[in-house]
Amino acid sequence: MRLIGIVGSGATTSKAPLIVNEEVEQLAKEEQLVVIDDGSRGIKYLGVLREVQRLEPFLTSWRRTSFVDNPNLVESGILPYSRASVFIIGVLSPLGELSEPQLPPNPGSKVFVIESPKDLTLNLGLAESIMVGTHKYSGIEIPLRSDALPYHIAVVGTTGSGKSRLVKVLIDEILSRTDYSVIVFDHTGMDYVPFYEVKYVIKARDVVLEPTLIASLISSRCGYDDREGYLLLSAIIYILNYLASLSENVISDVVDFESTAGTGARTTLVSTRTQPRRLGNFNVESLMKLRIDFDKLYDYMAKYPIKWNIHVFKDILSKVTKELNARGSTKVKLQVAVSIKAGTPLFESLSGRNIHPRNIVLKAFKDKLCVVDLSGEDHLVKKFIITSVLNELWKSIESEGKAVKTVVVIDEAHNYACRYCGESLKAIARTVREGRKWGLGLILATQRIMDIDPEVRNNLNTLFFSKLQTPTDFNELRGYMDLAGISEASLAILGKREFFVAGLMNPLKIPILIKVKEVKI
Ligand SMILES: Nc1ncnc2c1ncn2[C@@H]1O[C@H](COP(=O)(O)OP(=O)(O)OP(=O)(O)O)[C@@H](O)[C@H]1O
Ligand SMILES: [Mg+2]
């Protein structure tokens with residue numbers, strides 16, 4: 001430890017003014033950890049330096065002195081000095097324990113800067129902790145409370161600041177030091193997938209899609225937002241037809257014939273079995289009345305991966321539009337759009353999917369880790385997969401009635417937790433509101449906290465933040481947490497891998513600057 005100055009007049013239990021010894025001025029840097037030794041009372045305080053300023057007693061801007069009119073006098077007669085504020089973290093016991101300060105440090109107390117981990121042993125009494133990095137200047141390891149995991153985490157910073165790498169460190173720490181499982185959604189397939197063995201990775205391309213989503217995908221590719229009805233009905237008929245051709249029991253298991261459309265529908269559907277790849281002799285009116293168990297249907301879709309054939313689909317669509325009396329031009333436009341705008345590649349991308357989102361959850365429970373590679377998928381599909389995995393976690397909680405001890409990582413979270421994100425926002429909001437009771441935590445990484453719906457962001461109780469994208473983001477942060485003297489300017493000069501940690505996971509009372517561990521490729 002090096003002596004850097006003394007406490008000036010006006011200290012409180014949370015903040016003490018430091019007057020810096022001119023010779024070691026360069027050591028009094030923002031975010032340095034310091035120890036205040038109040039020898040007169042035998043109390044030591046741990047604190048962090050902020051609000052460093054350079055002053056001169058005579059050169060105040062509100063007082064006119066002869067220096068102004070004779071600038072040459074500056075060469076000989078001024079007395080510049082530095083001051084700073086020590087934001088007090090706590091009172092330090094000889095064993096390195098921290099407690100609440102009861103008295104402000106006495107003016108005149110000596111202030112020492114902590115230069116290396118040897119200078120201070122912190123003993124925070126945490127039963128279980130994780131280590132994301134070390135304090136930027138002193139190199140002291142800052143243990144973070146793992147019991148705050150189900151209270152949810154946000155990682156915020158401008159592009160390239162190192163958010164995804166920080167999250168990678170968090171994932172590895174959670175896996176090695178806690179009994180939590182982790183499900184990671186890799187938005188680009190480049191941030192997490194390359195780091196883990198293939199056996200932990202599931203490709204979004206293999207996840208089964210619901211009939212409504214299939215219809216939305218075809219519809220949005222075709223450029224329609226009002227033709228989903230025809231497409232959905234056609235998709236359901238296609239699926240039922242396909243499954244009926246593969247398994248005798250599917251239709252009677254999935255469709256409730258007794259209560260609704262009766263035998264007419266049964267004959268039309270079952271008759272398609274004998275002509276698997278051709279359009280059956282179905283009656284659209286009666287099919288529309290069918291009561292279908294979509295959960296079961298979805299299960300069967302995972303069991304018997306569907307092969308989508310654009311020509312068969314178009315035949316079904318043509319029959320559906322005809323029987324529902326669509327206008328001639330609508331029929332033609334739909335046929336053309338499906339052929340040209342959706343085209344074979346879309347139907348190929350729908351084919352062969354065989355992973356139920358439930359299996360992602362079960363895999364994570366079993367292997368502790370499941371990384372979902374979302375790359376290359378349509379945005380609607382990405383949202384659907386995240387939503388359904390969260391919903392499956394909730395189903396597991398509801399059926400088992402016990403904690404799932406799982407952390408779900410959503411990178412590029414503004415795509416899923418924004419105000420207009422619909423179903424995925426709903427699932428994320430429920431998780432951040434209620435997950436804590438069931439050991440279900442979220443880690444959301446995003447460039448701008450503003451882009452996350454307020455209901456979600458107000459429930460993220462630990463925040464890692466670095467250089468921010470815009471000044472508005474800083475005001476937003478300041479609006480919902482005590483930044484203890486951290487200024488926008490001090491954030492602007494942060495480098496890669498440098499993040500403040502604030503909130504429940506931080507065992508120190510105020511936000512602390514850490515340098516994230518190096519992630520090696
Ligand atoms: N902890 C780290 N260890 C090693 N390299 C790092 C670390 N953090 C950041 N980097 C370097 O910085 C680059 C950007 O980091 P990262 O991809 O985590 O940024 P990001 O904040 O997630 O950016 P974006 O918003 O664009 O996703 C990495 O490719 C890596 O080279
Ligand atoms: Mg990233």
Side-chain angles (χ1 to χ4, degrees), residues 31 130-144 152-177 182-196 201 204 371-377 379 382-383 385-386 407-418 421 424 428 442-452 456-457 460 462-474 476-477 491-502 505-506 511-521:
E31 301 307 327
I130 61 178
M131 211 76 80
V132 171
T134 51
H135 176 256
K136 179 179 173 186
Y137 293 113
S138 63
I140 287 174
E141 286 193 335
I142 310 284
L144 303 176
H152 320 296
I153 299 170
V155 180
V156 183
T158 187
T159 176
S161 51
K163 298 181 292 299
S164 301
R165 294 294 194 270
L166 189 164
V167 172
K168 160 82 176 48
V169 174
L170 274 171
I171 295 168
D172 293 345
E173 285 286 299
I174 293 169
L175 291 174
S176 66
R177 292 176 191 252
V182 184
I183 298 174
V184 186
F185 292 105
D186 190 346
H187 186 83
T188 59
M190 287 178 350
D191 288 319
Y192 306 95
V193 172
F195 291 100
Y196 296 102
V201 178
V371 182
V372 184
D373 180 355
L374 295 173
S375 63
E377 289 298 286
H379 187 52
K382 293 180 180 183
K383 266 167 81 169
I385 293 175
I386 291 183
V407 171
V408 177
V409 173
I410 305 179
D411 204 337
E412 307 287 347
H414 47 276
N415 292 299
Y416 310 103
C418 65
C421 282
S424 58
I428 291 171
L442 275 187
I443 300 179
L444 303 183
T446 183
Q447 292 173 9
R448 300 193 59 209
I449 192 81
M450 297 275 286
D451 294 340
I452 305 289
V456 174
R457 69 178 186 242
L460 304 171
T462 297
L463 180 63
F464 291 91
F465 57 100
S466 185
K467 197 188 277 190
L468 299 175
Q469 200 97 346
T470 68
T472 8
D473 294 340
F474 182 75
E476 179 65 23
L477 276 189
L491 283 191
I493 56 167
L494 291 182
K496 256 190 210 320
R497 287 170 56 188
E498 292 173 4
F499 281 80
F500 281 95
V501 53
M505 261 190 144
N506 178 8
I512 290 292
L513 180 57
I514 56 170
K515 175 106 185 167
V516 176
K517 284 186 201 169
E518 185 178 359
V519 175
K520 294 201 178 82
I521 303 276

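All values below were derived from every heavy atom in this structure, side-chain atoms included, with hydrogens, water molecules and symmetry-related copies excluded. Just so you know, residue 1 is the first one in the sequence shown, and it goes up from there. All ligand and atom numbering here is 1-based and tracks the order in the structure.
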Can you produce the list of protein nitrogen or oxygen atoms under 3.5 Å from a nitrogen or oxygen of ligand 1, alongside each distance?
from	atom 1	to	atom 2	distance (Å)
ligand 1	1 (N)	K517	O	2.8
ligand 1	3 (N)	V519	N	2.8
ligand 1	18 (O)	S164	N	3.1
ligand 1	18 (O)	R165	N	2.9
ligand 1	19 (O)	G162	N	3.2
ligand 1	21 (O)	S161	N	3.3
ligand 1	21 (O)	G162	N	3.0
ligand 1	21 (O)	K163	N	2.9
ligand 1	21 (O)	K163	NZ	2.8
ligand 1	22 (O)	S164	N	3.0
ligand 1	22 (O)	S164	OG	2.8
ligand 1	23 (O)	G160	N	2.9
ligand 1	25 (O)	K163	NZ	2.6
ligand 1	25 (O)	Q447	NE2	3.0
ligand 1	26 (O)	T159	OG1	2.7
ligand 1	27 (O)	E412	OE2	3.4
ligand 1	29 (O)	R165	NH2	3.2

Could you grab the distance from atom NZ of K168 to atom CG of D191, nearest 0.5 Å is fine?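 If I round to the nearest 0.5 Å, the distance is 11.5 Å.
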
Any N/O/S atom, backbone or side chain, of S164 lying under 2.8 Å from the Mg ion (ligand 2)?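 Looking at S164, which is the residue asked about, there is an N, O or S atom under 2.8 Å from the Mg ion (ligand 2).
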
Any non-hydrogen side-chain atom of L494 less than 4.5 Å from a side-chain atom of S466?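 L494 vs S466: side chains touch.
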
Any heavy-atom pair between the side chains of T134 and I514 that's under 4.5 Å?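 SC-SC contact between I514 and T134 ruled out.
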
Is it the case that the side chains of D411 and Y192 hold a donor-acceptor pair, with the cut-off being a distance below 3.5 Å and no angle test?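 Side-chain D/A pair, Y192 to D411: present.
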
For a quick check under 3.5 Å, do Y196 and D186 share a side-chain donor-acceptor pair by atom type?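 Y196 vs D186: no donor-acceptor pair found between side chains.
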
side-chain contact (heavy atoms from CB on, under 4.5 Å) partner of I428, the single match among V408, I452, I410: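 For I428, the side-chain contact (heavy atoms from CB on, under 4.5 Å) check succeeds only for I410.
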
